[in-house]
Asks: 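Can you read through this structure? Questions will come right after.
Computed over heavy atoms, backbone and side chain alike; hydrogens, waters and symmetry mates excluded.
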Amino acid sequence: MKLLRVGPPGAERPVVLGQDGTGYDLSGRTRDIDGSFLAGLDAAALARDVAAGLLPEVDLAGQRVGAPVARPGKVVGIGLNYRDHAAEAGAAIPDEPVIFLKPSSTVVGPYDEVLVPRGGDKTDYEAELAVVIGRPASYLAGHAEAARVIAGYTIANDVTERAFQLERGGQWAKGKSAQTFTPLGPWLVTADEVADPQRLPLRLWVNGELRQDGSTAHMIFPVLELVRYVSQFMALEPGDVIVTGTPAGVTLGHPGAAFLAPGDVVEIEIDGLGRQRQVLGKA
């Protein structure tokens, strides 16, 4: 199933998409697509209800699309998880996953404006596969357990202000935490529809120019290992999001290339997960 949220910020309505792209209103079933909804989600049963006509249709034309998960408890970032990206950044291949946290206040919809922060002049993009957690998870023993706690997948742009990340004390969180710095969506695609999260091509364009063209096949640490690993250090809760790293092609890896500026357009696509588009503005 594909789950999404439509409407103005703070007043989004939960929707499920049918096979033909028709939207069906979930407001009678849940207040929102949040942790409590995901914890009880039965994708097969929901699909049967859609097929049986048990949910009212909703007109999606002209409606804003919000992030597919309402205000995640936390967004867990993974750094340097593609060999080609580590190489372009001049970094060693990590022995263990690199973890950082992004505030939930960074999360916006897939087509919302992304703001260059005040004092920032090196704003960069990062196309990433995002994993949405659907069950409480701590100290997972292996990949089979990790697979059982995943609700689904979506697209993320892990926007980063490199000047804050690298030139202001070396703390990644400074460069990852500005408002609008985690566009998510357009949909949450339930895990049963993603046959293999390690076979997903992902691409990013800036002003129509292809900048990133990679595949999750080239991750250093695969999705199930990331979920297992993160659960050793923090409790994962339904609705939490893990953004799994970015392939080569970021501006940082190309000396002399222009960083993002107001008016620029960033588009990201992952096969099967849809496409998002942001126009840059200024905070």
Asks: Measuring only between side-chain heavy atoms, which start at C-beta, is Ile242 closer than 4.5 Å to Asp240?
Replies: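 When only atoms from C-beta onward are counted, Asp240 and Ile242 do not touch, as no gap falls below 4.5 Å.
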Asks: Got a second to check how far Trp172's CH2 is from Thr160's OG1, nearest 0.5 Å?
Replies: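 Going from CH2 on Trp172 over to OG1 on Thr160, the span is 8.5 Å.
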Asks: Has Thr244 got a side-chain atom pairing as donor or acceptor with Leu129's backbone, closer than 3.5 angstrom?
Replies: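 Looks like yes, one N/O pair under 3.5 Å.
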Asks: Report yes if some heavy atom in the side chain of Val116 is under 4.5 Å from a heavy atom in the side chain of Leu280; otherwise report no.
Replies: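 Yes, side chains in contact.
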Asks: Can you measure from NE2 (His218) to CG (Asn81) and round to the nearest 0.5 angstrom?
Replies: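 Reported value, rounded in 0.5 Å steps: 12.5 Å.
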Asks: Which is it for Glu237 and Ile133 under the side-chain contact (heavy atoms from CB on, under 4.5 Å) test, yes or no, and what are the steps along the way?
Replies: CA-CA 7 Å; Glu237 300 175 336; Ile133 301 300; over 6 Å; no
Asks: If you draw a 6.0 Å radius around CG in Asp95, do more than 12 non-hydrogen atoms from other residues or ligands fall strictly inside?
Replies: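 No, CG of Asp95 has 12 or fewer neighbouring heavy atoms, counting only those of other groups under 6.0 Å.
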Asks: Is a donor on one side and an acceptor on the other found under 3.5 Å between the side chain of Asp84 and the backbone of Pro247?
Replies: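 Between the backbone of Pro247 and the side chain of Asp84 there is no qualifying donor-acceptor contact (under 3.5 Å).
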Asks: Please tell me if the side chains of Val131 and Leu226 come closer than 4.5 Å, counting only heavy atoms from C-beta onward.
Replies: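 No, too far: nothing below the 4.5 Å cut-off.
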Asks: Any ion pair linking Arg228 and Glu145 (charged N to carboxylate O, less than 4.0 Å)?
Replies: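 No, this pair does not count.
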Asks: What I want to check is whether the side chains of Thr216 and Gln198 have a donor and an acceptor closer together than 3.5 Å.
Replies: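 Judged by distance alone, the side chains do not pair up.
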Asks: Any chain of hydrophobic side-chain contacts (each under 4.5 Å) joining Tyr229 to Leu236?
Replies: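 In one cluster: yes.
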Asks: Got a donor-acceptor contact below 3.5 angstrom from the Gln212 side chain to the Leu202 backbone?
Replies: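 No; judged by distance alone, with no hydrogens or angles, the pair does not exist.
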Asks: What's the verdict on side-chain contact (heavy atoms from CB on, under 4.5 Å) for Leu166 and Leu252, showing C-alpha distance, side-chain angles and the deciding distance?
Replies: CA-CA 11 Å; Leu166 302 173; Leu252 178 67; 3.9 Å; yes
Asks: Please report the interatomic distance CZ(Arg5) to CG(Leu26), rounded to the nearest 0.5 Å.
Replies: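 Atom-to-atom, Arg5:CZ and Leu26:CG are 12.0 Å apart.
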Asks: Report yes or no: does Glu161 contribute a side-chain atom to a donor-acceptor pair with the main-chain N or O of Ala163 at less than 3.5 Å?
Replies: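 Yes; judged by distance alone, with no hydrogens or angles, the pair exists.
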Asks: Carefully, step by step, assess Arg71 and Glu12 under the rule salt bridge (charged side-chain N to carboxylate O under 4.0 Å, His left out).
Replies: CA-CA 11 Å; Arg71 193 76 174 193; Glu12 294 91 346; over 6 Å; no
Asks: Can you get from Leu188 to Leu273 by hopping between Ile, Leu, Val, Met, Phe, Trp and Tyr side chains that sit under 4.5 Å apart?
Replies: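 Result: no, two separate clusters.
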Asks: Quick check against the 3.5 Å criterion: does Gln232 have a side-chain atom that pairs as donor or acceptor with the backbone of Leu140?
Replies: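 Yes; at least one donor-acceptor contact below 3.5 Å.
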Asks: How about CD on Gln19, more than 12 heavy atoms from neighbouring residues, nucleotides or ligands closer than 6.0 Å, or not?
Replies: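 For Gln19, atom CD is not crowded (no more than 12 foreign heavy atoms under 6.0 Å).
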Asks: Of the non-hydrogen atoms in Ala86 and Ile93, which two are nearest, and what is the gap between them?
Replies: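 Heavy atoms only, the tightest pair is CB-CD1, 3.9 Å.
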Asks: Please examine the side chains of Ile33 and Leu38, heavy atoms only from C-beta on, and report whether any two atoms are closer than 4.5 Å.
Replies: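 Leu38 reaches Ile33 side chain to side chain.
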Asks: Let me see the working for Leu260 and Val114 under side-chain contact (heavy atoms from CB on, under 4.5 Å), right down to the final yes or no.
Replies: CA-CA 10 Å; Leu260 296 174; Val114 167; over 6 Å; no
Asks: Backbone N or O of Pro110 within a donor-acceptor pair of the Gln278 side chain at under 3.5 Å?
Replies: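 It does hold such a pair.
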Asks: If you compare all heavy atoms of Gly18 against all heavy atoms of Val50, which two are closest, and at what distance to 0.1 Å?
Replies: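 Taking Gly18 first and Val50 second, the nearest heavy atoms are CA-CG1, 4.2 Å.
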Asks: For residues Asn157 and Gln276, is any side-chain donor paired with an opposing acceptor at under 3.5 Å?
Replies: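 Side-chain D/A pair, Asn157 to Gln276: absent.
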Asks: Is it true that Arg64 and Glu113 make a salt bridge, defined as a side-chain N closer than 4.0 Å to a carboxylate O?
Replies: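 Between Glu113 and Arg64 there is no salt bridge, as every charged N stays at least 4.0 Å from the carboxylate O atoms.
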Asks: Is the side chain of Ser138 donor-acceptor paired with the backbone N or O of Pro136 at a distance under 3.5 Å, no angle test?
Replies: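 It does not hold such a pair.
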Asks: Indicate if Leu41 and Leu17 have the same hydrophobic cluster label, given that clusters are the connected sets of ILVMFWY residues with side-chain heavy-atom separations under 4.5 angstrom.
Replies: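 No, it is not one cluster - the side chains of Leu41 and Leu17 are not joined through contacts under 4.5 Å.
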Asks: May I ask you to decide if Thr251's main-chain N or O and Asp124's side chain share a donor-acceptor pair within less than 3.5 Å?
Replies: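 Yes, the answer is positive, given that a donor and an acceptor are paired below the 3.5 Å cut-off.
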Asks: Quick check against the 3.5 Å criterion: does Thr190 have a side-chain atom that pairs as donor or acceptor with the backbone of Met1?
Replies: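 At least one qualifying donor-acceptor pair exists.
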Asks: Does the side chain of Met219 reach to within under 4.5 Å of the side chain of Glu225, using non-hydrogen atoms?
Replies: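 No, their side chains stay 4.5 Å or more apart.
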Asks: So, Lys102 side chain and Val243 main chain: donor-acceptor pair closer than 3.5 Å or not?
Replies: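 Answer holds: no.
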Asks: Hydrophobic cluster membership, with links at side-chain heavy-atom distances under 4.5 Å among I/L/V/M/F/W/Y: are Tyr82 and Phe221 in one?
Replies: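 Yes; tracing contacts between hydrophobic side chains, which count when under 4.5 Å, links both residues.
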Asks: Can you tell me how far apart CZ (Arg13) and CD (Gln63) are? Round to the nearest 0.5 Å.
Replies: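 The CD atom of Gln63 is 6.0 Å from CZ of Arg13, to the nearest 0.5 Å.
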Asks: Could you go through Asp271 and Arg199, starting from their C-alpha distance and side-chain angles, then the distance that decides it, and tell me whether this counts as salt bridge (charged side-chain N to carboxylate O under 4.0 Å, His left out)?
Replies: CA-CA 9 Å; Asp271 286 10; Arg199 292 183 179 272; over 6 Å; no
Asks: What are the two closest heavy atoms between Thr246 and Ala127, and how far apart are they?
Replies: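 For Thr246 and Ala127, the tightest heavy-atom pair comes out as OG1-O, 2.8 Å.
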Asks: Quick one: does Ile150's side chain get under 4.5 Å of Val223's, heavy atoms only?
Replies: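 Side-chain contact under 4.5 Å: yes.
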Asks: Quick one, Pro14 and Leu3 - any side-chain contact, counting heavy atoms below 4.5 Å?
Replies: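 Side chain of Pro14 against side chain of Leu3, heavy atoms only: no contact under 4.5 Å found.
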Asks: Does any non-hydrogen side-chain atom of Val16 lie less than 4.5 Å from one of Leu46?
Replies: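 Yes; the side chains approach each other to less than 4.5 Å.
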Asks: Under 4.5 Å between side-chain heavy atoms, counting indirect links through other Ile/Leu/Val/Met/Phe/Trp/Tyr residues: same cluster for Phe259 and Val265 or not?
Replies: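 No, Phe259 does not connect to Val265 through the hydrophobic network.
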Asks: What is the distance from atom CZ of Arg203 to atom CD1 of Ile270, rounded to the nearest 0.5 Å?
Replies: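 The distance works out to 9.0 Å.
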Asks: Using the rule given for side-chain contact (heavy atoms from CB on, under 4.5 Å), can you reason through Val250 versus Arg162, listing the C-alpha separation, both sets of side-chain angles and the distance that settles it, and then say yes or no?
Replies: CA-CA 11 Å; Val250 300; Arg162 303 295 185 191; 3.9 Å; yes
Asks: Roughly how far apart are Asp49 CG and Tyr24 OH, rounded to 0.5 Å?
Replies: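 Those atoms lie 12.0 Å apart.
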Asks: Looking at every heavy atom in both Leu184 and Ala130, which two are closest together, and how far apart are they?
Replies: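 So the minimum-distance heavy-atom pair works out to CD2-CB, 4.2 Å.
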